[in-house]
Amino acid sequence: MMVTTHVASGLLLAVPVAAAAPALALPAAVGAVLGGILPDVDLFIGVHRKTLHFPVYYSVLGVFTGVFAVAAPGPLTVAIALGFLAAGLHSISDWFGAGEELRPWERTSDRAVYLHPRRRWLRPRYLVRYDGAPEDLLLTVVLAVPAAATFDGWLRGLVVGGVVIAAAYTLFRKRVPDWLGI
Ligand SMILES: [Zn+2]
């Protein structure tokens, strides 16, 4: 799935926080955005979908820090909890997409995301056929609507900008590997 889809789904988690505690809306959103992006930094360092993708550990940490944030609400605790929850959601949802290959529509990779506690790869489920598929863009748009309605200022700009980038990426997705010469 596209990173914009992961950011939008992370921000969806921040929407109820913003509704319950408007003063904590900004740290919740910032934590969600960073957590939504973080796992895909392993595109550039280490092994993609393994080095920074932790479906289990992020999620467990998200629950613990989430409970802590409810007990001791503050900008830092809320941002950290949303960060782990969004990173966990990102890592889990990659399982429902394609493998980690450069041309995922070819379906030559059976590695969706690494399950560290079991020391094995999860096989792709192809619910979203590949990152940048039309259904992926649809997900970005649908998931982004509540965040666009809830947040304002630069955060709303970020959400709308993400949708625009996602649309452009979807349009040219299959040409990207050729353009990069890979
Ligand atoms: Zn990912």
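In what follows, residues are counted from 1 in the order of the sequence shown. Order of listing sets the numbers, starting from 1, for every ligand and every atom in it. For clarity, every value in this text was computed on a predicted model and none was experimentally measured.
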Determine, stepwise, if the pair Asp40 / His6 fulfils side chain to side chain donor-acceptor pair (under 3.5 Å). CA-CA 10 Å; Asp40 278 348; His6 294 308; 4.5 Å; no
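Exactly one residue among Trp121, Trp95, Tyr114 makes a side chain to side chain contact (heavy atoms under 4.5 Å, CB included) with Arg49. That residue is Trp121. The one candidate from Arg173, Lys174, Arg103 that meets the salt bridge (Lys or Arg N to Asp or Glu O under 4.0 Å) condition with Asp131 is Arg173.
Between His116 and His53, a ring centre-to-centre spacing not shorter than 6.0 Å is recorded.
When atom types are taken as modelled, the side chain of Ser93 and the backbone of Leu89 share a donor-acceptor pair closer than 3.5 angstrom. Judged purely by atom type and a 3.5 angstrom limit, Tyr58 uses its side chain to pair as donor or acceptor with the backbone of Leu52.
Nearby protein atoms of type N, O or S around the Zn ion (ligand 1) amount to 4 (distance under 2.8 Å).
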